[in-house]
Undergrad: 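My questions will all concern the structure given below.
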Amino acid sequence: MRTPAELDSVDALVLPGGESTTMSRLLQVFDLEMPLRQRLAAGMPTLSTCAGLILMSREVLDGRPDQIAFGILDVSVRRNGYGRQIESFEADVAVSLLGAAPFRAVFIRAPLIEHAGPDAQVIASYGSNPVAVAQGPHLGLCFHPEMTDDSRLHRLFLERAAAALEVSAA
Ligand code: GLN
């Protein structure tokens with residue numbers, strides 16, 4: 001998704017991992033910031049992971065002062081809060097909305113959720129910090145669900161997005 005016209009053509013959006021400062025800059029360069037803000041304000045469902053979660057947050061700590069925080073997810077995140085690239089790691093986390101089997105979470109220079117406000121439902125934690133939140137039609141993850149074969153979080157997102165959009169996920 002690189003143009004406002006492409007944004008118009010989708011019902012829901014995945015904001016993937018990457019580099020949140022670069023993604024902020026590119027959203028501005030491609031004239032996507034304002035159209036995306038409008039879609040988010042209109043309730044477009046999102047799945048945001050890692051850098052995408054940073055973009056969706058209410059507050060970004062250790063970010064660039066000019067980087068975008070759309071303020072949709074009621075969380076305060078610290079960029080690279082789990083350490084540098086070599087401190088990337090995997091862990092099994094329990095996700096409350098997914099049933100008993102844990103989810104293998106891959107953290108790559110992940111943001112640390114320092115605080116989740118009342119609007120964000122914490123659905124998984126690692127240690128004492130949230131690592132996954134649900135908020136209305138939005139899911140926000142500190143880790144990379146696409147790095148495993150486990151599609152349960154993507155499915156959960158589609159189900160919640162479909163419910164929000166009142167269409168069938170089938
Ligand atoms: N550290 C990156 C950032 O600040 C996020 C890393 C990732 O998306 N895996 O944007």
Side-chain angles (χ1 to χ4, degrees), residues 1-2 6-7 10 12-37 39-40 44-95 98 102-117 120 122-135 137-158 161:
M1 203 273 296
R2 269 176 301 189
E6 285 173 353
L7 177 61
V10 300
L13 193 65
V14 175
L15 289 90
E19 182 55 55
S20 58
T21 52
T22 306
M23 289 158 72
S24 285
R25 183 86 195 99
L26 291 175
L27 283 167
Q28 290 160 344
V29 167
F30 286 95
D31 287 328
L32 278 164
E33 179 184 356
M34 286 308 152
L36 186 47
R37 276 192 193 280
R39 288 298 302 279
L40 292 171
M44 178 178 61
T46 65
L47 168 63
S48 58
T49 66
C50 213
L53 167 74
I54 297 172
L55 289 175
M56 288 290 286
S57 297
R58 182 173 48 72
E59 182 183 35
V60 180
L61 307 168
D62 289 344
R64 276 179 59 118
D66 59 352
Q67 85 177 81
I68 294 170
F70 284 120
I72 299 293
L73 294 177
D74 189 9
V75 294
S76 176
V77 298
R78 187 172 295 282
R79 279 185 71 218
N80 303 328
Y82 288 95
R84 294 182 302 155
Q85 187 79 18
I86 54 163
E87 280 136 354
S88 297
F89 64 101
E90 298 182 19
D92 284 330
V93 297
V95 182
L98 291 187
F103 196 94
R104 187 76 178 164
V106 179
F107 295 85
I108 305 170
R109 240 161 23 93
L112 181 77
I113 297 178
E114 293 212 341
H115 177 74
V122 175
I123 60 169
S125 295
Y126 177 71
S128 54
N129 292 93
V131 292
V133 295
Q135 187 174 328
H138 309 291
L139 281 185
L141 313 173
C142 294
F143 51 89
H144 283 259
E146 79 284 4
M147 296 293 285
T148 71
D149 292 333
D150 191 339
S151 59
R152 286 179 296 160
L153 280 169
H154 291 91
R155 185 167 295 279
L156 178 68
F157 166 60
L158 290 178

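If you read the sequence from its start, that first residue is 1, and numbering goes on from there. Just follow the structure's listing: the first ligand is 1, and inside any ligand the first atom is 1. Model, not experiment: these values are computed from the prediction.
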Undergrad: Which ligand 1 atoms, with their elements, are less than 4.0 angstrom from a heavy-atom of Gly17?
TA: 8 (O)
Undergrad: Determine, considering heavy atoms only, which of Ser88, Ser20, Gly18 sits nearest to atom 5 (C) of ligand 1.
TA: Gly18
Undergrad: Should you measure from each heavy atom of His144, which atoms of ligand 1 turn up under 4.0 Å away?
TA: 7 (C), 8 (O), 9 (N)
Undergrad: Under 4.0 Å from ligand 1, counting heavy atoms only, is it the side chain of Met23, its backbone, both or neither?
TA: neither
Undergrad: Looking only at atom types and distance, does a side-chain atom of Ser24 sit under 3.5 Å from a main-chain N or O of Ile68, one as donor and one as acceptor?
TA: yes
Undergrad: Run Arg79 and Asp62 through salt bridge (charged side-chain N to carboxylate O under 4.0 Å, His left out) and show every step you take.
TA: CA-CA 6 Å; Arg79 279 185 71 218; Asp62 289 344; over 6 Å; no
Undergrad: For atom 4 (O) of ligand 1, what's the nearest protein heavy-atom neighbour? Residue, atom name and distance, please.
TA: Arg79 NE, 2.6 Å
Undergrad: With distance as the sole test, does Ser88 use its side chain to make a donor-acceptor pair with the main-chain N or O of Arg109 at under 3.5 Å?
TA: yes
Undergrad: In this structure, are over 12 heavy atoms from other groups packed under 6.0 Å from Arg104 atom CZ?
TA: yes
Undergrad: For ligand 1, find out whether one of its N or O atoms is nearer than 3.5 Å to an N or O atom of Ile54.
TA: no
Undergrad: Heavy atoms only: which of Gly52, Ser48, Cys50 is nearest to atom 7 (C) of ligand 1?
TA: Cys50
Undergrad: I'd like to know if the side chain of Thr49 pairs up with that of His144 as donor and acceptor (distance under 3.5 Å, no hydrogens or angles considered).
TA: no
Undergrad: Mind checking whether Ala51 has an N or O less than 3.5 Å away from an N or O of ligand 1?
TA: yes
Undergrad: Main chain of Ser48, side chain of Thr46: is a donor-acceptor contact present, judged purely on distance under 3.5 Å?
TA: no
Undergrad: For the pair Phe143 and Tyr126, evaluate ring-ring contact (aromatic ring centres under 6.0 Å, His included) and give the outcome as yes or no after the intermediate values.
TA: CA-CA 11 Å; Phe143 51 89; Tyr126 177 71; 10.0 Å; no
Undergrad: Determine the minimum heavy-atom distance between Val10 and Arg39, stating which atoms define it.
TA: O-NH2, 2.9 Å
Undergrad: Atom 1 (N) of ligand 1: which protein heavy atom is closest, and how many Å away?
TA: Asn80 OD1, 2.5 Å
Undergrad: Could you tell me, atom by atom, which parts of ligand 1 come under 4.0 Å of a heavy atom of Ile108?
TA: 6 (C), 7 (C), 9 (N)
Undergrad: When you compare ligand 1 with Arg109, is there at least one nitrogen or oxygen pair between them that comes in under 3.5 angstrom?
TA: yes
